[in-house]
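Take a look at the following structure, please.
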Amino acid sequence: MLNKNYNHKEIEEVLLKEFYEVNKIEPKFKNPSYSIVIPPPNVTGSLHMGHALNNTIQDFLVRYHLLKGYDSVWFIGTDHAGIATQNVVEKKLLKEGIKRKDLSKEEFLKYIWDWKEEYGNIILEQFKKLGIYAYFDKARFTMDEEYTKAVKKAFVHLFNKGYIYKGKRVINWCSRCLTSLSDLEVVHKEKENNLYYVKYKLEDEEDYLIIATTRPETILADTAVAVNPKDQRYIKYINKRVFVPIVNRLVPIVGVEEVDISFGTGVLKITPAHDFNDYKIYKKLKERGIDIDIINIFTKEACINLEDSKYYGLDRFKAREEIVKDLEQMGLLVKVESHRSNIGHCYRCDNIIEPYYSDQWFIRMDKNDPLIGRAIEVVKSDKIKFYPSVFKKVVLDWYENIEDWCVSRQIVWGHRIPVFYCKDCLNIWADERDEVKNCIKCNSDNIYQEEDVLDTWFSSALWPFAVMFWPDIDKFNKYKTFYYPTNVLTTAREILFLWVSRMIFMSLEFINDIPFKDVIIHAVILAPSGKRMSKSLGTGIDPLELIEKYGADSTRMGLILQVGESQDVKFNYEKIEMAKNFINKIWNSIRYYQFRLSSNYDFKYKLKDKDLVNLINSWILIKTLYLIENLERYVKEYKFFDYVMSLYHFVWNVFCDWYLEFTKFIELEEFKDTIEIIIKVILVYLHPIVPFVSYYIYKNLFNEIILDININDLVDNLNKRIDDMENVKAIDNLIELIKFIRPYVNDLLFVSKQNNIKLENVFIHLQGLEKLFKDNYISDLLNIISIFTKSKITELSDDQSFNKYYDLYYNDVLIRIFIEKDLIDFYRNYILKELNNKIQQKEKIEKLLSNNEFINKANLDVIENYKKELSQINEIITKNNQILNLLRN
RNA sequence: GGGCGGAUAGCUCAGUGGUUAGAGCGCUUGCCUUACAAGCAGGAGGUCACAGGUUCAAUUCCUGUUCCGCCCA
């Protein structure tokens, strides 16, 4: 027998052992199969709300398909997360008084590896607390030995195909992490800053051009000034020259169409080394044969590198202050305006990004190449489907406007780029071998390897096939037969481009197949305030705390309950409570059944008609079939919210509220088989949402492991049990009738109490039940109705105190409610209210029906429905008027 | 600047071209009825952001406005 109340702590801790130590979770290489790869969490990470939701959804799908008889496998692991991890370790070392600068590359790497060995699996242990059914024994790591082979193989392949090149470009530079970043790793934030208007003196003239800039420190790197050739104000200056202030460098004035006439003064200073737009203009000018200089004025730390300058060694912001001060002194600063603009920040350390001219490795991303072209094709043709579908367009737009991918990073933690340089013959080649000692061209041993490492997203782009041991072809093919492409990828929007879109083209390139069939993009859960959940802002809610307080089951279910399709939601504790209460409800419904199993039960009333008993059983079985039909559809459409809600309402409002109550009039043997199958269905379909409690109850009640059950067999059994399909509607009618009567009874009791009138029972009389129910049920039904509505059912009353009554109709059943004479006044008002209500409805419908256009154009069944309704309303109105007359006496 | 999404009960959110627009929580009335007070039976609470349009009919479809959020540059 279960305890009185559900307590997650008694269940979950015990079951965790059973889930992960006793039962082996591993691929069985059987058909039908189902597979998912996890978005690998960062090794530095700890379980946050996004993970909790994301993994709940995946676990739902994995467990659901297990129960459907699939060989359902969830591949998991962690991501080395290059910069993020390096930063974490760097900070930790600093706390211990160890500076990164004082360490050799090898020493630093050793520290990071040690850190990884110690802390790197914490997040997976945290995932277990959610109860996820994943292939933990083979949890992969993006820098494990086999994975590294995949990365090298992929790089060499792309290199040899000519997709990878090294180039000097302006890239995003983080002067704190000391590395380049891809465009996607830069977070733009709108900020208030100053717009400085600065005079640039013309050569040989006493005239000035005034230029607005937000970054006066970059004046030091100006190598041209540009105006729009359509701008009448400035046409005359094109091809003249100006002096760059402070450095007094003579630079040309060029005409460039990209210059925004309306911004600032319409004159733009060109700083090709430290501005993306300026760099573009620089390249464009070069195509036109105009060669301007590129001057890099910053060190890697973003300090001024000009040795003979007075600003030498100053940080970029300090330099800005000084330069503004000097410009003012020289009388060259015209004015300062405040201005809002978007500024790029490092997505790992939030430092302001510096556009920086340097040597980097790129992958050519061109929609006309097969690499991207094939990705576009599979998305366009829905070979990969997005849920919700809007993301199809979002991804396609990104592919269509894609830019080359900067994949080199100047950090130590990552896959070292497998490119080698020969100092003798100057050969440069990519090599996937573990040890490379000689030049492949001239055999010289005077070679060295590239120092840069790869963008962490390069390795994660290979994830779906690398976790299945590609490029070990024998091993991979074994997995591929059953698990590739994977069925679905579940993720948040923010890594759609960083990760999802890249996996697609990598998989097409290397496996010649899509990596997954469906992509679910789920909502983001915001803090209750509507802000992003963030540890640093203190707005985060820790799922581990939720699990501790409410249990993993309630947390999982509560998360699904608050997340619709992809609309972001504010975190809602009430939904977690709702889930917990629901679990308690199920728990207690099982307790009731156990109670019936184990003791003699005193009936208040026992149903006499066996047909009615069968009907009640058939009724719940059919309701269950409808439920299952809906649930299966919701899974196919990835409508988890609808899945959970329909189970919720079925369990609570159908199974508990009605079926269990009905069984209180029925002998155990007469409903045992039925209730067992219903309970099994409920628990099995609940299992993907609340694995712990469903597992626990199933074992407690049936002494079986829920995961050994096959839903399909269960449903077959259920179908066999139904023996009265046709009359099953009668039970719905009974329920509706009871619900219809209840408020009236409740009101009478309430009014009597208010007026200090003793009213032991409300008396009602029912007529015409035979119109809705079979004759032989009726005496049973009268008793049921009496108990459920807490009223006494009479034939007719001769008692003088009940000589007033009024009549209600439910379909064709007349419900006569007897009224004590002291309550008559109250009831008159009650009926008047009812009457007014009906009259309003009547007028509305009559108006509609007298509208010719409505009659001509509306659907026939719509019109019929209105007509039917009108006649019903009319009947009620007539009756009520009669009653009012009666009550007036 | 370009694109996308949202605005529905006090709160968090579902939903729908056609009777009276729903849920949970909150509020409220009555019940400790032998599964459950984490419960049971009731009740109150909505100009479906605003303005136009399409339609016999709009909260739902279209356009615009305002506000909020996200993505890209």
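Below, read A as the first sequence line, B as the second, and so on, with proteins coming before strands; counting in each chain starts at 1. What's counted below: heavy atoms across the whole structure, side chains too, no hydrogens, waters or symmetry copies.
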With rounding to whole Å, what would you report as the distance between B/C50 and B/A7 at their P atoms?
13 Å
B/U8 to B/G46 separation - P atoms, rounded to the nearest Å
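Their P atoms lie roughly 15 Å apart.
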What is the nucleic acid contact for A/Gln562, judged by heavy atoms within less than 4.0 Å: base, sugar-phosphate only, or nothing?
nothing
What distance, rounded to whole Å, do you find between the two P atoms, one in B/C36 and one in B/G15?
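The answer is 36 Å between these two P atoms.
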To the side chain of A/Lys604, which of B/G18, B/U33, B/C40 is closest?
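Side chain of A/Lys604 sits closest to B/U33.
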By nearest atom, which of the nucleotides B/A35, B/C56, B/A23 is closest to the A/Phe854 side chain?
B/C56
Looking at A/Trp652, does any N or O in its side chain come under 4.0 Å of the phosphate oxygens OP1/OP2 on B/C40?
yes
Decide yes or no, distance alone: a donor-acceptor N/O pair under 3.5 angstrom between the base of B/A35 and the side-chain of A/Glu661.
yes
Measuring to OP1 and OP2 of B/G24, would you say a side-chain N or O of A/Lys575 lies under 4.0 angstrom away?
no
Let's go through A/Thr271 and A/Tyr279 carefully: what are the C-alpha distance in whole Å and the side-chain angles of both, what is the deciding distance for side-chain hydrogen bond (donor to acceptor under 3.5 Å, both in side chains) to 0.1 Å, and is it a yes or a no?
CA-CA 7 Å; A/Thr271 320; A/Tyr279 182 66; over 6 Å; no
Per atom distances to the A/Asn572 side chain, the nearest of B/U12, B/A41, B/C36 is B/U12
Between B/U19 and B/C27, how far is it from one P atom to the other, in whole Å?
33 Å
Under-3.5 Å donor-acceptor pair between A/Lys739 side chain and B/A41 base:
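Per atom types, no contact qualifies.
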Looking for any heavy atom pair under 4.0 Å, which part of the strands does A/Tyr648 touch: base, sugar-phosphate only, or nothing?
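The residue A/Tyr648 makes sugar-phosphate contact but no base contact.
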Could you pick out which residue, A/Asp397 or A/Glu403, lies toward the 5' side of RNA chain B when each is mapped onto its nearest nucleotide?
A/Asp397
Tell me the interatomic distance from A/Arg742, atom CZ, to B/G43, atom P, rounded to whole angstroms.
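Rounded to the whole Å, the gap is 11 Å.
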Considering only B/A23, B/C36, B/C13, which nucleotide approaches the side chain of A/His649 most closely?
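Per side-chain heavy atoms of A/His649, the pick is B/A23.
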Of the nucleotides B/C36, B/U33, B/G18, which one has an atom closest to the side chain of A/Asn588?
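Closest nucleotide among those given: B/C36.
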Looking only at atom P, what distance separates B/C48 and B/G26, rounded to whole Å?
27 Å
Taking the six-membered ring for Trp and the full ring for Phe, Tyr or His, determine whether the centres of A/Phe603 and A/Phe665 are under 6.0 Å apart.
no
Using a 4.0 Å heavy-atom cut-off across all strands, classify A/Tyr593 as base, sugar-phosphate, or nothing.
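Touches nothing.
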Can you check the A/Ile590 CD1 to B/A38 P distance for me, whole Å?
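Spelled out: CD1 on A/Ile590 to P on B/A38 is 20 Å.
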At less than 4.0 Å, is any side-chain N or O atom of A/Asn865 found next to OP1 or OP2 of B/G18? Yes or no.
no
Calculate the interatomic distance between A/Leu561 atom CG and B/G15 atom P; express it in whole Å.
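Going from CG in A/Leu561 over to P in B/G15 covers 14 Å.
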Closest to side chain of A/Asn746, choosing from B/C36, B/A41, B/A38:
B/A41
Value in whole Å for how far the C1' atom of B/U54 lies from CD of A/Glu853:
14 Å
Taking the minimum atom-to-atom distance to the side chain of A/Lys4, which one of B/G5, B/C36, B/G18 wins?
B/C36
What's the gap between B/G64 and B/C70 when it is taken at their P atoms, as a whole Å value?
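It comes out at 23 Å once rounded to the nearest Å.
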With respect to the phosphate group of B/C70, does any side-chain polar atom (N or O) of A/Arg493 fall under 4.0 Å of OP1 or OP2?
no
As its Watson-Crick or G-U partner within any shown strand, both distances under 3.5 Å, B/G1 has B/C72
Counting only heavy atoms not in A/Lys380, do more than 12 fall under 6.0 Å of its NZ?
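Incorrect, the count does not exceed 12.
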Less than 6.0 angstrom separating the ring centers of A/Tyr643 and A/Phe60, yes or no?
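Centroid separation for A/Tyr643 and A/Phe60: below 6.0 Å.
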Which is true for A/Lys580 with a 4.0 Å heavy-atom rule: it touches a base, it touches only sugar-phosphate, or it touches nothing?
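The answer is base, as A/Lys580 lies within the cut-off (heavy atoms under 4.0 Å) of a base atom.
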Across all strands, who's sitting opposite B/U20 as a Watson-Crick or G-U wobble pair, both distances under 3.5 Å?
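Partner of B/U20: none.
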Would you mind telling me which of B/G18, B/C56, B/G24 lies closest to the side-chain atoms of A/Val862?
B/G18
Write down the distance separating the P atoms in B/C4 and B/A41, rounded off to the nearest Å.
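Looking at atom P only, B/C4 and B/A41 are 47 Å apart.
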In whole Å, what is the span from the CH2 atom of A/Trp587 to the P atom of B/C36?
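Taking atom P of B/C36 as the reference, CH2 of A/Trp587 is at 14 Å.
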Rounded to the Å, how far apart are A/Asn277 CG and B/C72 P?
17 Å
By the 4.0 Å heavy-atom rule, please label A/Lys664 as base, sugar-phosphate, or nothing.
base
Among B/C56, B/A35, B/G43, the one nearest any side-chain atom of A/Pro743 is B/G43
Distance, rounded to the nearest Å, where A/Ile741 contributes CD1 and B/G42 contributes C1'
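Taking CD1 of A/Ile741 and C1' of B/G42, I get 15 Å after rounding.
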Look at atom CD of A/Glu400 and say whether more than 12 heavy atoms of other residues, nucleotides or ligands are closer to it than 6.0 Å.
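Result for CD/A/Glu400: enclosed.
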With a cut-off of 6.0 Å (strictly less than), are more than 12 heavy atoms of other residues, nucleotides or ligands near OH of A/Tyr605?
yes
List the steps and the verdict of side-chain hydrogen bond (donor to acceptor under 3.5 Å, both in side chains) for A/Glu864 and A/Asn859.
CA-CA 9 Å; A/Glu864 273 313 302; A/Asn859 276 339; over 6 Å; no
Mind checking the NZ-CD1 spacing from A/Lys844 to A/Ile839? Nearest 0.5 Å is all I need.
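Rounded to the nearest 0.5 Å, the NZ-CD1 separation comes to 15.0 Å.
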Taking the nucleotide of RNA chain B with the nearest heavy atom to each, does A/Phe497 or A/Phe582 sit closer to the 5' end?
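Nearest-nucleotide comparison on RNA chain B picks A/Phe582.
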Provide the distance between the two C1' atoms, one in B/U59 and one in B/G22, to the nearest whole Å.
13 Å
Geometric cation-pi criterion, A/Lys585 with A/Tyr6: 6.0 Å, 45°:
no
Taking a pair as Watson-Crick or G-U wobble with both distances under 3.5 Å, which nucleotide is matched to B/A7?
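The base-pairing partner of B/A7, which may sit in any strand shown, is B/U66.
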On the nucleotide B/G30, are OP1 or OP2 found under 4.0 Å from the side-chain N or O atoms that A/Lys790 carries?
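For B/G30, neither OP1 nor OP2 has a side-chain N or O of A/Lys790 closer than 4.0 Å.
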Proximity to the side chain of A/Lys844 - top-ranked nucleotide from B/U20, B/C71, B/C56:
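Nearest nucleotide to the side chain: B/U20.
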Provide the Watson-Crick or G-U wobble partner of B/G46, both distances under 3.5 Å; none if there is no partner.
none
Round to a whole Å and report the spacing from CG of A/Asn852 to C1' of B/U55.
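Going from A/Asn852 (CG) to B/U55 (C1'), I get 17 Å.
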